[in-house]
2 protein chains.
Amino acid sequence: MSTTTLTVPVTVAEHQACPATVVLRRAGEKWPGLILSLLRDRSYGYNELDRAVEGLSRRVLTRTLRTLERDGLVSRTVHEGRPPRVEYALTGLGRSLQEQLRALALWAVEHDGEIRAARARFDGA
Amino acid sequence: MSTTTLTVPVTVAEHQACPATVVLRRAGEKWPGLILSLLRDRSYGYNELDRAVEGLSRRVLTRTLRTLERDGLVSRTVHEGRPPRVEYALTGLGRSLQEQLRALALWAVEHDGEIRAARARFDGA
DNA sequence: CGGGATCCTTTTAGATACTG
DNA sequence: CAGTATCTAAAAGGATCCCG
C-alpha cells in the first residue's frame with residue numbers, strides 16, 4: 001500500500017503552481033463541471049451542447065471545450081460529411097475527474113442544509 | 001442503504017442555485033482551500049494565518065475567513081486578554097469538506113503528469 | 001455546423017492606509 | 001492584535017458579429 005504525502009504549499013508561487021490548486025480552480029469555474037457532467041452519460045456535438053446548456057454563450061462554450069481538451073479531459077473528434085459534426089466525449093482521465101467532482105457534488109447536496117442553517121445563524125447575529 | 005440521485009441542472013438559474021456549484025466555486029477560489037488545509041492540523045490566530053500564508057493580503061484573508069465562518073466551515077473564537085487573540089479552527093462540517101477537497105487534491109497530484117503530457121501534446125499540434 | 005475575433009461587464013484579488 | 005475602508009488591477013464571463 002502506498003502513502004501519498006500532500007504537503008501544503010504556503011507561498012503564493014507554490015500554491016499557484018500546485019496541481020491541486022489548478023484542478024480546483026478549473027473545477028470551480030462556472031461551466032466545466034456542468035460540461036463534464038453532461039458528457040458523463042454520452043457524447044455531444046457542439047451545437048447540441050450549446051442547446052443543452054441554456055445561458056452558456058458560444059464564446060465561453062468554445063473556450064471551455066478547448067481548455068478541457070487541452071488538459072486531456074475531453075476528446076474532440078471531427079466527423080466529415082454533410083453536415084459536418086464534431087463530437088465531444090470524456091476521456092478516461094476526464095471520466096476519472098468527473099467521478100471525483102461528483103463525490104464533491106454529492107457532499108454538497110448532502111450538507112446543503114447545514115450550510116444554509118449556518119448562514120441563517122450568521123446573518124441573524 | 002440510501003440512494004442519492006444527482007440530477008444535472010441545465011438552466012443557468014438551476015446551475016447557479018445548485019449547492020454543488022456553490023461549493024465547487026468556493027473551493028476554486030484562490031485561498032479558501034489553502035486556509036482549510038492549514039486548519040486541518042491545528043487552529044490559528046489571525047496574524048498567525050497572515051504570516052503563514054505569504055502573499056495573502058489582509059483584506060482577502062478577512063473576507064475569506066468571514067465567508068468560511070458564515071458557511072459554518074470555520075469557527076471564530078475570541079479570547080479576551082492582553083494581547084487579545086482570535087482563534088480560527090475547523091468545524092466538523094469544515095473538516096468534512098476538507099477531507100473531500102483533499103481527495104480531489106490527491107487526484108490532482110496523482111494525475112498531474114497525465115495532464116501536463118496532454119497539454120504538451122495539444123500545444124505541440 | 002462549428003467555430004474565431006472584438007468589445008464590454010461582472011467578479012475576484014491585491015495595495016495601501018487607518019483604527020479600536 | 002485583529003481587523004475596516006477605499007481604490008485599483010486582473011480574471012472570468014457575456015454579447016455580438018463574422019467566416020469556412
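Chain naming here is simple, since letters A, B, ... match the order of the sequence lines and numbering starts at 1 in each. Given the structure is predicted, the values throughout are model-derived calculations rather than measurements.
- Atom CZ of A:Arg119 sits in a crowded spot, with more than 12 heavy atoms from other residues, nucleotides or ligands closer than 6.0 Å.
- Here A:Leu6 sits in one hydrophobic cluster together with B:Leu106, B:Val109; the rule is ILVMFWY side chains under 4.5 Å apart, joined directly or through other members.
- In this structure, the side chain to side chain donor-acceptor pair (under 3.5 Å) partners of B:Thr11, at least two apart in sequence or on a different chain, are B:Glu14.
- When each of C:dG14, C:dG2, D:dG14 is scored by its nearest atom to the side-chain atoms of A:Asn47, the top-ranked nucleotide is C:dG2.
- A:Thr91 is linked by a side chain to side chain contact (heavy atoms under 4.5 Å, CB included) to A:Ser75, A:Leu93, counting only residues two or more places apart in sequence or in another chain.
- For the pair A:Leu56 CG and D:dA15 C1', the computed distance is 13 Å after rounding to whole Å.
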Legend entry - Intra- and interstrand pairs of DNA chain D - dot-bracket, Watson-Crick/G-U under 3.5 Å, | marks other strand: ||||||||||||||||||||
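- Sequence neighbours left out, not one pair with a member in residues 86-104 of chain A passes salt bridge (charged side-chain N to carboxylate O under 4.0 Å, His left out).
- Among residue pairs with one or both ends in residues 52-62 of chain A, those qualifying as salt bridge (charged side-chain N to carboxylate O under 4.0 Å, His left out) are A:Asp50-A:Arg58; sequence neighbours excluded.
- Taking atom CD on A:Glu87 and atom C1' on C:dC1, their separation rounds to 14 Å, with Å as the unit.
- Counting only heavy atoms from C-beta outward, the side chains of B:His79 and B:Pro84 never approach each other to under 4.5 Å.
- The distance between atom CZ of A:Arg82 and atom C1' of D:dG20, rounded to the nearest whole Å, is 10 Å.
- Residues passing the salt bridge (charged side-chain N to carboxylate O under 4.0 Å, His left out) test with B:Arg66, sequence neighbours excluded: B:Glu69.
- Atom pair B:Glu69:CD and D:dA2:C1' shows a separation of 13 Å (rounding to whole Å applied).
- Going from atom CG of B:Leu61 over to atom C1' of D:dC1 covers 13 Å, rounded to whole Å.
- Put simply, CG on B:Leu49 is 13 Å from P on D:dC1, counting in whole angstrom units.
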Contact list (N/O, under 3.5 angstrom) for nucleotides 3-6 of chain D vs protein:
from: D:dG3; atom 1: OP1; to: B:Arg66; atom 2: NH2; distance (Å): 3.0
from: D:dG3; atom 1: OP1; to: B:Arg76; atom 2: NE; distance (Å): 3.3
from: D:dG3; atom 1: OP1; to: B:Arg76; atom 2: NH2; distance (Å): 2.7
from: D:dG3; atom 1: OP2; to: B:Tyr88; atom 2: OH; distance (Å): 2.6
from: D:dG3; atom 1: N7; to: B:Arg58; atom 2: NE; distance (Å): 3.2
from: D:dG3; atom 1: N7; to: B:Arg58; atom 2: NH2; distance (Å): 2.8
from: D:dT6; atom 1: O4; to: B:Arg59; atom 2: NE; distance (Å): 3.0

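- Not a single side chain to side chain donor-acceptor pair (under 3.5 Å) links A:Ser57 to another residue, sequence neighbours left out.
- The list of salt bridge (charged side-chain N to carboxylate O under 4.0 Å, His left out) pairs with a residue in residues 22-44 of chain A, not counting sequence neighbours, reads A:Arg26-A:Glu29, A:Arg26-A:Asp71, A:Arg42-A:Glu48.
- Contacts between residues 20-45 of chain B and DNA chain D, counted as heavy-atom distances below 4.0 Å, involve B:Arg25.
- In terms of the side chain to side chain donor-acceptor pair (under 3.5 Å) criterion, residue partners of B:Trp107 (sequence neighbours excluded) are, by chain and number, A:Ser96, B:His111.
- Atom-to-atom, CD of B:Gln16 to P of C:dT11 comes out at 10 Å; the value is rounded to the nearest Å.
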